[in-house]
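Ligands are counted one by one from 1 in listed order, and the atoms in each one are counted from 1 as well.
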Amino acid sequence: MLTTLIYKSQLNPSCKSISLLTLVEKARKNNTALDVTGILLFNGHDFLQILEGSEEVIETLFAKIGQDKRHDSVVELMRDYGPRRRFENVGMLLFDLRIDTPKSVLSSVLRYSKLDNYLAAEDRVFKFIQTFITQPRRTSGGSQFRPERWTLAAEHNPFGDAIAGLIDNQVCQFALQPIVQPTEGKISSLEALIRSNDGGSPERFFSTLDQDKVYEVDLLTKAYAFALAEKIGIGDHKIAINLLPMSLVNVPGAVDFLMDQILAHRLQPEQVVIEVTENEMISGFNQFNSAIKQLRAAGIGLAIDDFGSGYAGLSLLTRFQPDKLKIDREIVSNIHLSGPKQAIVKSIISCCTDMEIALVAEGIEKIEEWCWLESAGIRRFQGFLFARPKLNGVGEIHWPHFHHA
Ligand code: C2E
Ligand code: MN
Ligand code: MN
């Protein structure tokens with residue numbers, strides 16, 4: 001299938017000595033043999049490359065480019081399929097904005113195009129090209145959040161030794177996972193994740209229950225989470241718990257129960273955050289709304305969990321603005337490689353900034369993901385990169401440290 005792929009990249013600084021023309025000439029030969037057209041634009045800092053050819057060939061080629069040490073910060077911007085080639089089969093063409101004016105580059109790109117001008121104006125491929133050509137030139141230097149500048153160092157037992165093994169006389173256990181603010185070396189909060197008594201996942205635990213008991217058990221078990229927070233001594237850190245919204249709606253006196261347990265375990269209501277997933281929230285919104293009011297009146301915080309994984313998306317925020325919003329793992333995983341993910345997260349950051357909603361990025365596993373998100377303005381993170389959930393305690397926290405060149 002005829003495939004078009006667009007990516008942005010930079011020349012690896014250690015390759016400055018290699019002539020661009022030599023690289024292009026080599027690529028031209030390769031591409032011609034593979035029946036691929038590559039349109040390469042360079043502005044002195046970034047490359048924009050359009051690749052056109054058969055799907056398998058393009059995919060293999062792009063995978064190679066991603067591994068190629070000469071390319072830095074490769075970000076996929078677009079992948080699309082079409083009935084015919086947009087460009088003549090020219091192997092590889094270089095358009096250098098350091099030499100030619102934007103206007104002349106644009107008209108020469110169009111000269112190699114096989115689309116009529118009026119069609120090209122509405123075509124996403126040409127719009128990417130046009131934007132790249134006309135955007136103000138970025139100067140290099142930039143962010144301190146370059147992955148190679150950071151290494152992780154472990155802090156052991158931040159809350160003292162964990163309680164060994166299981167806690168007796170409970171129907172379940174809790175694991176704690178920190179949410180961290182790495183640049184400040186600060187723990188933002190601890191999330192309590194439910195576990196079955198054999199260490200099984202929340203899903204496992206809930207599946208063993210009578211289905212008509214789920215909401216009640218969900219609510220009542222939170223007493224163990226608060227007890228654990230007291231036991232390990234969380235001080236003035238925050239504790240986040242997960243609840244199904246219906247656990248607050250269907251169980252009579254739910255908010256009063258939470259308040260009693262919070263106070264019984266010497267916590268402040270302001271230290272407690274309830275996390276509710278986006279989908280559950282929207283499905284019973286009207287009923288849940290009165291529970292939200294009670295929680296707010298009591299001083300308890302609310303967070304939207306797994307934001308972006310469901311169908312509500314930004315429209316949920318027109319109805320309700322939480323204190324905190326957790327961006328789903330799916331959107332931030334490999335964000336350093338994906339233009340669409342970057343665009344979506346930038347828009348979430350922009351609207352949460354305007355609404356003064358704190359953002360957390362969930363499921364960070366790679367230093368590259370963290371670096372991109374820090375540069376974009378996110379300050380709170382949860383993920384295996386920094387700390388894994390630990391049964392009845394807080395495990396090692398891996399803090400990033402900066403190295404000067
Ligand atoms: P969640 O609230 O989004 O919690 C984060 C989940 O992501 C946890 O899975 C955690 O172990 C996992 N995680 C954290 N960092 C990473 C990472 O870097 N990579 C990967 N792959 N995973 C990471 P867990 O503990 O299995 O919990 C799954 C879900 O179960 C939770 O998702 C939450 O929605 C739900 N849950 C947990 N405890 C409770 C509870 O007490 N009540 C209710 N109703 N739901 C709960
Ligand atoms: Mn959660
Ligand atoms: Mn989540």
Is a donor on one side and an acceptor on the other found under 3.5 Å between the side chain of Gln321 and the backbone of Leu317? yes

Here the atoms of ligand 1 under 4.0 Å from any heavy atom belonging to Ile364 are 18 (O)

When you look for heavy atoms under 4.0 Å from ligand 1, do you find them on the side chain of Asp305, its backbone, both, or neither? side chain

Report yes if Ser201 has an N/O atom closer than 3.5 Å to an N/O atom of ligand 1; otherwise report no. no

Contact check: Thr277 vs ligand 1, nitrogen or oxygen atoms, below 3.5 angstrom: no

Decide, counting backbone as well as side-chain atoms, whether Asp306 has an N, O or S atom less than 2.8 Å from the Mn ion (ligand 2). no

Would you call Glu191 a ligand 1 contact, heavy-atom distance under 4.0 Å? yes

Is the Phe402 to Trp150 ring centre distance short of 6.0 Å? yes

Hey, is Glu203 one of the residues with a heavy atom under 4.0 angstrom from ligand 1? no

Proximal atoms of ligand 1 relative to Pro389 (non-hydrogen, under 4.0 Å): 11 (O)

Ring centers of Tyr112, Phe87 separated by less than 6.0 Å: no

Could you check Asp72, Val74, Val75 and say which one makes a side-chain contact (heavy atoms from CB on, under 4.5 Å) with Gln10? Asp72

Atoms in ligand 1 flagged as close to Glu362, the criterion being non-hydrogen separation under 4.0 Å: 3 (O)

Has ligand 1 got any nitrogen or oxygen that is less than 3.5 angstrom from a nitrogen or oxygen of Ile194? yes

Applying the side-chain contact (heavy atoms from CB on, under 4.5 Å) test to Val276, which of Asp305, Ile304, Asn242, Leu302 qualifies? Leu302

Near Pro202 (heavy-atom distance under 4.0 Å), the atoms of ligand 1 are 24 (P), 25 (O), 26 (O), 27 (O), 28 (C), 30 (O), 36 (N), 37 (C)

Backbone N/O of Leu244 and side chain of Asp218: donor-acceptor pair under 3.5 Å: yes

The Mn ion (ligand 3) to nearest N/O/S of Glu362 below 2.8 Å: yes

How about Thr277: does one of its N, O or S atoms come closer than 2.8 Å to the Mn ion (ligand 2)? no

Within the structure, is a non-hydrogen atom of Arg388 found at a distance of less than 4.0 Å from ligand 1? no

Heteroatom distance test (Phe206, ligand 1): nitrogen or oxygen, under 3.5 angstrom: no

Would you say the rings of Tyr224 and Phe205 are close, in the sense that their centroids are separated by under 6.0 Å? no

So for Gln177 against ligand 1, with non-hydrogen atoms under 4.0 Å, the contacting part is side chain

Heteroatom proximity flag, Lys222 to ligand 1, N/O under 3.5 Å: yes

Side chain, backbone, both or neither: which applies to Lys326 and ligand 1 if a contact is any heavy-atom pair less than 4.0 Å apart? neither

Is a side-chain donor or acceptor of Lys341 paired with a backbone partner of Ser333 at a separation under 3.5 angstrom? yes

Where the Mn ion (ligand 2) is the corner point, what angle links OD1 of Asn242 with OE2 of Glu191, to 10°? 90°

Which of the numbered atoms in ligand 1 are under 4.0 angstrom from any heavy atom belonging to Leu244? 44 (N)

Please name the atom of Asp305, restricted to N, O or S, that is closest to the Mn ion (ligand 3). OD1

Touching ligand 1 at all, Gln382? Heavy atoms, strictly under 4.0 Å? no

Any idea how Phe42 and Phe47 line up, ring-wise: parallel (<30°), tilted (30 to 60°), or perpendicular (>60°)? parallel

